[in-house]
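We use all heavy atoms of the structure for the numbers below, so side chains are in, but hydrogens, waters and symmetry mates are not. Throughout, protein chains are lettered first and strands after them, A, B, ... in sequence-line order, and every chain is numbered starting at 1.
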Amino acid sequence: MGVLNNSLPDIGPVRAVDSAIGWGRKSSIWPMTFGIACCAIEMMAVYAATFDLDRFGAGVPRATPRQSDLIIVPGTVNAKMAVRVKRLYDQMSEPRYVIAMGACVCGGGPYVKWGYNTVKGVHKIIPVDIFVPGCPPRPEALMDGILKLREKVGRNQVFARQAQTAADMDGRYAAAK
Amino acid sequence: MGAIRDYFGNISSALTTAAKGMRITWRYFKHEPPITIQYPRERVEPPPSYRGLHILQQDKCIDCHLCAKACPVDCIEIEAIHHGRTLEWKQFSIDYKKCIFCEFCIPVCPVDCIHMTSEYELATEDPDGMVEDLLTWTGLRPEDQRAVEAAVNKKKGVAAPATIESAKGAPEPGSAEDKAAKIAAIKARLKKGSA
Amino acid sequence: MNETDIHSKLAGAVVSGVGALDESAKDPFVVVDPGSLVPAVTFLKNDADCRMEMLNCVTAVEREDCIEVVYHLSSVTHRHSLTLKTRVERPAGGTHESWIPEVPSVAALYASADWHEREQWDLLGVRFTDHPDHRRILLPEEWIGHPLRKDYVYPHEHGGMPLDLDAVPLYERDEATPSEPAAPRPSGTPLVQPPNPNSDRPDAGGVAPADSDGDLRSIKPGSNDGGGH
Amino acid sequence: MEALEMYTVDPNDDVYTEELKLNLGPQHPSTHGVLRVELKVDGEIITASRCDIGYLHRCAEKIGENVTYLQFTPYTDRMDYLASMNNNLAWSLTVEKLLGVEAPERAQWIRVIVAELNRIASHLIAFGTYGIDIGANTPFFYAFRERESIMALLERPSGARMLYNYVHPGGVAHDIEDGWLEDVLAFCDEFEMRWKEYNTLLSHNAIFIGRTANIGVIPKDMALDYGLTGPVLRASGVSWDLRRDVPYLAPYDDLEFDVPVGEGTHGTLGDCWDRYWVRMREMMESIRIIRQACPRVPAGPFMDKAMNRMYKTPLKPEPGEAYMRCENPRGELGFYVVAEGGTSPIRCRTRAPSFCNLSVLDALLPGTMIADGVAIIGSLDIVLGEVDR
């Protein structure tokens, strides 16, 4: 879609197309098979039968970043791994989403003080959409995060012009009036 | 001759192993109830001992900083001004970016004012949203309130009449009202989370 | 066989460098000279009565005056175990940049020693001479310093990845105007320095923590179960 | 090694292959976390391999030197996160050895039950993910269903789902509630039935046996030389179990259980199938232990009275040192602690079983196919949190 992105006026038909695209995107979020530490086990529990993430169309983890929309970073990222996490993120195609799962990834967690080797939150490396704190978060808490991500994805405007600045907001407000 | 026997032997063993597995699958399909929890429509309550988000009984707290000292990750920030015996509270916050839910802050409290609830959903888009000021934290649901009361009573050695009394007002578990109330609570929470 | 028998056999076999058995310790240990470490371990492994087939653990411990390397050996056949130590004295002013102690490697005797010794090199900077593959194992090869030394200085970043709590995220950095390099840390300081919970920090407001009177903690009255909370 | 000679490159052949460097991991579905293996492959045959670990190094030993003895307990949870109870237990026993105290009897029996339950949960993960490695997706779902039951059971006394922080120096953190032991026994009955299903689904499946038998054979001498422990050592025919040979908890003396040892049923002694089968049988032995232990939990305190003060006043052991080892699901977990009188040790070394078990990988991989390499890594059942600490 490229050049048309966020370039059309924010009117009813464009919005309808946008919401259709958003619905499609949010109903087929494909996460990446990516486990680092403790949280990965709870992430596996989310894929398993008891919680069954497939109910939201996100249950088939992809083994390669090129096919996936969502990277759940489950576990401590250290200096050696951070380079790889960044590379994996760079390999994903747009639109891509990041969930930071667990305290270590949200902001350092237990390793914040004495961890000479750990990155204090993966948002120092890659932009994060949803933070799910907990050590580790319960599977329900991760699903809560994924549901919130679905909302966020559904809200995204693809073609309609986004209100970027305050002046733009004012203009939209006046137009609505 | 042997090769042919191997060939057909392989086919038959492949069929039998597949049939064995499919028999189990069929039995589950036919006879066993589904085990999937339909989150967020239904929610399995963690046990009362669950170590979830914290709650502070502010009127009891004496600002002794013992919980902050006991914390292995230094996630508790406390600030209060003492006016004689009364306290003017500035801050009692827990940084869930660090908290590991180890429960070491609970047993050290000399006045039993900090507790852990069975609340655990804290997913947010904002990294600063994970620092909860317990003075204003209102994420507690009625059942959590009851669990806290029960925990306090248990520690005091009081039998649990308070729990039963407070539970009287609640609709019967499993009834239509109960379900409606739960769904309403979940909706309210989701709305709060997305706002 | 208990530790005393093993020690007497060992002292009888290896001529020099085997110290006395410290029986007051929780796990009785023998201190040997670095020079006679390999013969001692060879003897313990091959002697029919000792048969220490397994090297459980190699640990380097940094003390005030020395670095000691501890070997935990055990025998599956005879079901006994022994702790062996060797010490390298710290030279005057030996810091973690200037002093690399050297101990002979036992990787030729036990394959398990290979990774253990590499780990001790990585984290504590003990060089094991004649080690077949003397590289770092846990940290990246280009890492500076040995983190488990007491005077280790924490880095600000490594390989372009920020390690500070208040670091600016990579994707928000302005490439055109590189930020100033962070000031070097004083020796031995950790990454972030919130108040240390183990220190004797004065309690705010001077309210005495009710450590002495236990009933404030509301242990169940009259119950004799030890657990309070 | 013979396989190596069979497949060496001969440039005079009509079809010859070229040596290729292949990176397996750190993000790879079959490396059980963030293990990276550099492989040299000739076609499908691995000719050389080099493990690269440290992608989950979390400075646990440095932290141990800076926090108090009690505060380090939750960090041991995060080493082998599949068997946190056993890690807690090993650390608590180390501190107890250093202090010279012993937990009350009730605590000891509770410790046995929770440790064995956690051992089953840990082996279930090994079973489920091994199925995925081999290409059978179904066992994963069955294994996680039973694991959820164990999580629910352990959640009740401890209050957490996975990283329990339940076994503390001097006893356990909370008493068990009434009726918990009955629920554990009910789970045992159910699990026995499910275990038979697992065997029908996976253990005796012809394809599974074909993929695992005679693969990655570890002879007895090699296993001892590399310091392997746990199921990996026992599969090679060495009957060595610390619970029986060096009992670290008093109840293990009174309990009756067998130590499963590899027999080479479908191939050579010490192959992947043996390692898998030892784990499967260990689950049943754990069930046997739990069944015996549940009726024998005595009444009494669950925490040493003197030790209860440690929550407020940090422990201060006398100068000294202690090495304590426990039989974890993955092998011998040892903690070596050197105290010099402060509230935290000056050295806190972890002898991680996965670390030693993984070191044999470089010796096993050359000469096998890439797909067999995945089977070998899975059969070692490593947890990277413990390898790197």
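Heavy atoms of C:L139 lying under 4.5 Å from chain A belong to its backbone as well as its side chain.
Taking each heavy atom of A:G115 and C:Y154 in turn, the nearest pair found is C-CE2, 4.2 Å. Nearest heavy atom pair, residue C:L165 against residue A:K120, reads CD1-CB, 3.7 Å.
C:M161 CE to A:T118 OG1: the interatomic distance, rounded to the nearest 0.5 Å, is 14.0 Å. Taking OH of C:Y171 as the start and OH of A:Y89 as the end, the distance is 8.5 Å to the nearest 0.5 Å. For the atom pair CG (C:L123) and OH (A:Y116), the distance works out to 5.0 Å, reported to the nearest 0.5 Å.
Annotation: side chain of C:P162 is in contact with side chain of A:I125 (closest heavy-atom distance under 4.5 Å).
Sparse packing is recorded around CD of C:E64, with 12 or fewer heavy atoms of other residues, nucleotides or ligands lying under 6.0 Å away. For A:R55, the CZ atom counts as densely surrounded, since its 6.0 Å shell holds more than 12 non-hydrogen atoms of other residues, nucleotides or ligands. Other residues, nucleotides and ligands place more than 12 heavy atoms under 6.0 Å from the CD1 atom of C:I100.
Of the listed residues (A:K124, A:H123, A:K86), just one forms a side chain to side chain contact (heavy atoms under 4.5 Å, CB included) with C:L170, and that residue is A:K86.
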